[in-house]
Amino acid sequence: MNDVQGNSSEPSVMRIGVLGCGNVGAALVDLVRTQADTVEQRTGIRLEVARVAVRNMSAPRDVEIDDGILTRDASAVVNDASIDLVVEAIGGIEPARGLILDALKNGKPVITANKELLANCGAELYAAAELAERDLLFEAAVAGGIPIMRALRESLHGEPITRVIGIINGTTNFILTKMTDAVLAGGAGDYAATLAEAQALGYAERDPTADVEGYDAGAKAAIIATVAFGVKVVAGDVYHEGISRVSGAEISIADRLGYCIKLLGIIEREPESGDVSVRVHPTMVPKQHPLASVRDSYNAVFVEGGFVGSLMFFGRGAGGAPTASAVFGDVVDAAINLRRGTHGSLGDLHEARVLAIDETSAEYLLSLDVADQPGVLHAVTGVFASHNVSIRAAEQEGNGPDARLVFITHSAQEAAVQATVRELGTLDVVRNVGGLIRVIGD
Ligand code: NDP
Ligand code: HSE
């Protein structure tokens, strides 16, 4: 190993092996070069990008990489004794998982931005880091440039956190913002057209499924649950519903009632039982809630704690430079820890019951296209009552063939609300049961 013990007056040189040189890897290489002098002045550690592993040696890169640094052999990088720490910016499960395990086994701290990997194999990787007594840091994996992992791991370590709610996918926030703007300007706010616009502008992938159907946000929600509550939650535990069924009509109803619609990750723990609920779905957010002001592709994470009250973290959740900024912060931390012979830890992760969506409770918005005739409201509200779902607000919009009843419930259990929806659909006077959207309070 290089002089990482900090015993000499010479700077400790830390040689970084970067796996992947795409959006994040290239921005990280650039940032290390830009900030190396500053970091050296502050810490006495000289950071150097020593190896960069890629898949295609001849692909054009956003940064210049000297001959001899670029390699196609990522495995050689993690097994190179002259490499002090490793940044994994490849993505996906394999080979990233195997490379990280090998790097840790070889005593190298690892920094990763890989939410998919952590949300599926996190427990195995955290245990490997613990065994190796090395850092495994992943600030960039959740909400890109926003330092929410460090806040949860360190600043809020002792806080009795009750709930974390976040706009943790920029693509969907961009699409919902544009749909809302269109509706408020008197347009249709059509989902498919807005998605196409987002794709043309580079905000959505050609295959947008991971973002628009909530998989990406679900992975991030699983990681937040793990770090906030110290429990084992994997991507498969997370209920996720995307934005592809959100309509301009629903956005318009929400607006009239004082709400906007956001795709939220909601991570909660019941204080008594310790059960956790982790879900991602379109949600009606009161316009006065701080999350309602988070527009375009920005992300924000809202943390609620028993002592600290409410905190909001806001910023860029994606993009090479913001994500590399979070990776770089971890690199500096890991380098300092390595020199001191220490490492951070998530502590013991406990098993916890993750509630099924049926067992969770919320307020709900429900809209029904109905026949405009005597007794309809009575018939409809009777169904709510028979399932013990209490109505907080009700109104009729439109008349005759355009009659629509809109309800907001008090907090009710999902299973009861779903049963209500099913039975409402069987009533002759109900032509269509519109979107069911969960609502969060102020
Ligand atoms: P890219 O697809 O842009 O880059 C991936 C890089 O990995 C490429 O340089 C590719 O090489 C390289 N690579 C792929 N397979 C191998 C392999 N077997 N061996 C060596 N190199 C390989 O991805 P991003 O930079 O966008 O994302 C990287 C990680 O960061 C992912 O986990 C992602 O989820 C995460 N992340 C990304 C954000 C973003 O805004 N982009 C935000 C937050 C997290 P080549 O260039 O030759 O094809
Ligand atoms: N595709 C993600 C987003 C960024 O739209 O927020 C990477 O997590």
Side-chain angles (χ1 to χ4, degrees), residues 17-30 51-63 65 70-78 86-100 102 110-121 138-146 148-149 166-177 195 198-199 201-221 223 235 242-243 263 265 280 294 296-301 315-327 330:
V18 182
L19 312 180
C21 193
N23 295 312
V24 176
L28 191 258
V29 170
D30 189 26
R51 304 303 303 274
V52 178
V54 293
R55 193 172 32 190
N56 178 357
M57 295 284 282
S58 50
R61 303 279 156 209
D62 288 344
V63 281
I65 297 175
L70 208 60
T71 172
R72 201 182 291 119
D73 191 351
S75 179
V77 176
V78 300
V86 167
V87 172
E88 185 275 311
I90 292 177
I93 305 291
E94 295 292 356
R97 172 185 159 276
L99 291 165
I100 291 176
D102 283 350
V110 176
I111 292 89
T112 179
N114 192 335
K115 72 214 96 155
E116 189 189 351
L117 177 62
L118 293 173
N120 285 286
C121 311
F138 48 89
E139 183 61 70
V142 176
I146 303 175
I148 182 63
M149 290 292 99
I167 295 170
I168 46 181
N169 182 270
T171 304
T172 46
N173 203 40
F174 179 84
I175 293 171
L176 289 174
T177 303
L195 169 62
Q199 286 171 314
L201 292 170
Y203 284 102
E205 305 273 348
R206 201 172 307 157
D207 175 359
T209 312
D211 291 316
V212 300
E213 298 304 345
Y215 292 95
D216 175 79
K220 293 167 185 168
I223 298 170
I243 63 164
L263 185 76
V280 171
V294 178
D296 299 318
S297 62
Y298 279 96
N299 282 202
V301 183
R316 286 273 174 219
T323 308
S325 166
V327 171
D330 281 349

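In listed order, ligands and their atoms are each counted from 1. These numbers come from a predicted model, not from an experiment.
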Extract all N/O-N/O pairs under 3.5 Å that connect ligand 1 to the protein, and present each with both atom names and the distance rounded to 0.1 Å.
{"from": "ligand 1", "atom 1": "3 (O)", "to": "N23", "atom 2": "N", "distance (Å)": "3.0"}
{"from": "ligand 1", "atom 1": "3 (O)", "to": "N23", "atom 2": "ND2", "distance (Å)": "3.4"}
{"from": "ligand 1", "atom 1": "9 (O)", "to": "C21", "atom 2": "N", "distance (Å)": "2.8"}
{"from": "ligand 1", "atom 1": "9 (O)", "to": "G22", "atom 2": "N", "distance (Å)": "3.1"}
{"from": "ligand 1", "atom 1": "11 (O)", "to": "R55", "atom 2": "N", "distance (Å)": "3.2"}
{"from": "ligand 1", "atom 1": "25 (O)", "to": "N23", "atom 2": "N", "distance (Å)": "3.2"}
{"from": "ligand 1", "atom 1": "25 (O)", "to": "V24", "atom 2": "N", "distance (Å)": "2.9"}
{"from": "ligand 1", "atom 1": "26 (O)", "to": "N23", "atom 2": "ND2", "distance (Å)": "3.1"}
{"from": "ligand 1", "atom 1": "34 (O)", "to": "K115", "atom 2": "NZ", "distance (Å)": "3.1"}
{"from": "ligand 1", "atom 1": "40 (O)", "to": "G319", "atom 2": "N", "distance (Å)": "2.7"}
{"from": "ligand 1", "atom 1": "46 (O)", "to": "R61", "atom 2": "NH1", "distance (Å)": "2.7"}
{"from": "ligand 1", "atom 1": "46 (O)", "to": "R61", "atom 2": "NH2", "distance (Å)": "3.3"}
{"from": "ligand 1", "atom 1": "47 (O)", "to": "R55", "atom 2": "N", "distance (Å)": "3.1"}
{"from": "ligand 1", "atom 1": "47 (O)", "to": "N56", "atom 2": "N", "distance (Å)": "2.7"}
{"from": "ligand 1", "atom 1": "47 (O)", "to": "R61", "atom 2": "NH2", "distance (Å)": "2.9"}
{"from": "ligand 1", "atom 1": "48 (O)", "to": "R55", "atom 2": "NE", "distance (Å)": "3.3"}
{"from": "ligand 1", "atom 1": "48 (O)", "to": "R55", "atom 2": "NH2", "distance (Å)": "3.0"}

Inventory of protein N or O atoms under 3.5 Å from ligand 2 N or O:
{"from": "ligand 2", "atom 1": "1 (N)", "to": "D211", "atom 2": "OD1", "distance (Å)": "2.9"}
{"from": "ligand 2", "atom 1": "1 (N)", "to": "D211", "atom 2": "OD2", "distance (Å)": "3.4"}
{"from": "ligand 2", "atom 1": "5 (O)", "to": "N169", "atom 2": "ND2", "distance (Å)": "3.4"}
{"from": "ligand 2", "atom 1": "5 (O)", "to": "G170", "atom 2": "N", "distance (Å)": "3.3"}
{"from": "ligand 2", "atom 1": "5 (O)", "to": "T171", "atom 2": "N", "distance (Å)": "2.9"}
{"from": "ligand 2", "atom 1": "5 (O)", "to": "T171", "atom 2": "OG1", "distance (Å)": "2.6"}
{"from": "ligand 2", "atom 1": "6 (O)", "to": "G170", "atom 2": "N", "distance (Å)": "2.7"}
{"from": "ligand 2", "atom 1": "8 (O)", "to": "K115", "atom 2": "NZ", "distance (Å)": "2.4"}
{"from": "ligand 2", "atom 1": "8 (O)", "to": "D216", "atom 2": "OD1", "distance (Å)": "3.2"}
{"from": "ligand 2", "atom 1": "8 (O)", "to": "K220", "atom 2": "NZ", "distance (Å)": "2.9"}

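Of the possible donor and acceptor atoms, one in the side chain of T177 sits under 3.5 Å from a partner among the backbone N and O of N173. Side chain of E88 to main chain of T112: no donor-acceptor pair is present (N/O by atom type, distance under 3.5 Å, no hydrogens or angles).
Around the CZ atom of F174, the shell of radius 6.0 Å holds more than 12 heavy atoms that belong to other residues, nucleotides or ligands. For D296, the CG atom counts as densely surrounded, since its 6.0 Å shell holds more than 12 non-hydrogen atoms of other residues, nucleotides or ligands.
Of all heavy-atom pairs between V77 and G17, the closest is CG1-CA, 3.7 Å.
Scanning for side chain to side chain contact (heavy atoms under 4.5 Å, CB included) contacts around L117 gives I93, A96, R97, I100, N114, C121, L125, with sequence neighbours left out. With sequence neighbours left out, the side chain to side chain contact (heavy atoms under 4.5 Å, CB included) criterion links A318 to no other residue.
Between the side chains of T71 and D73, no donor-acceptor pair is found at a separation under 3.5 Å. Judged by distance alone, the side chains of T323 and R316 never bring a donor and an acceptor atom under 3.5 Å apart.
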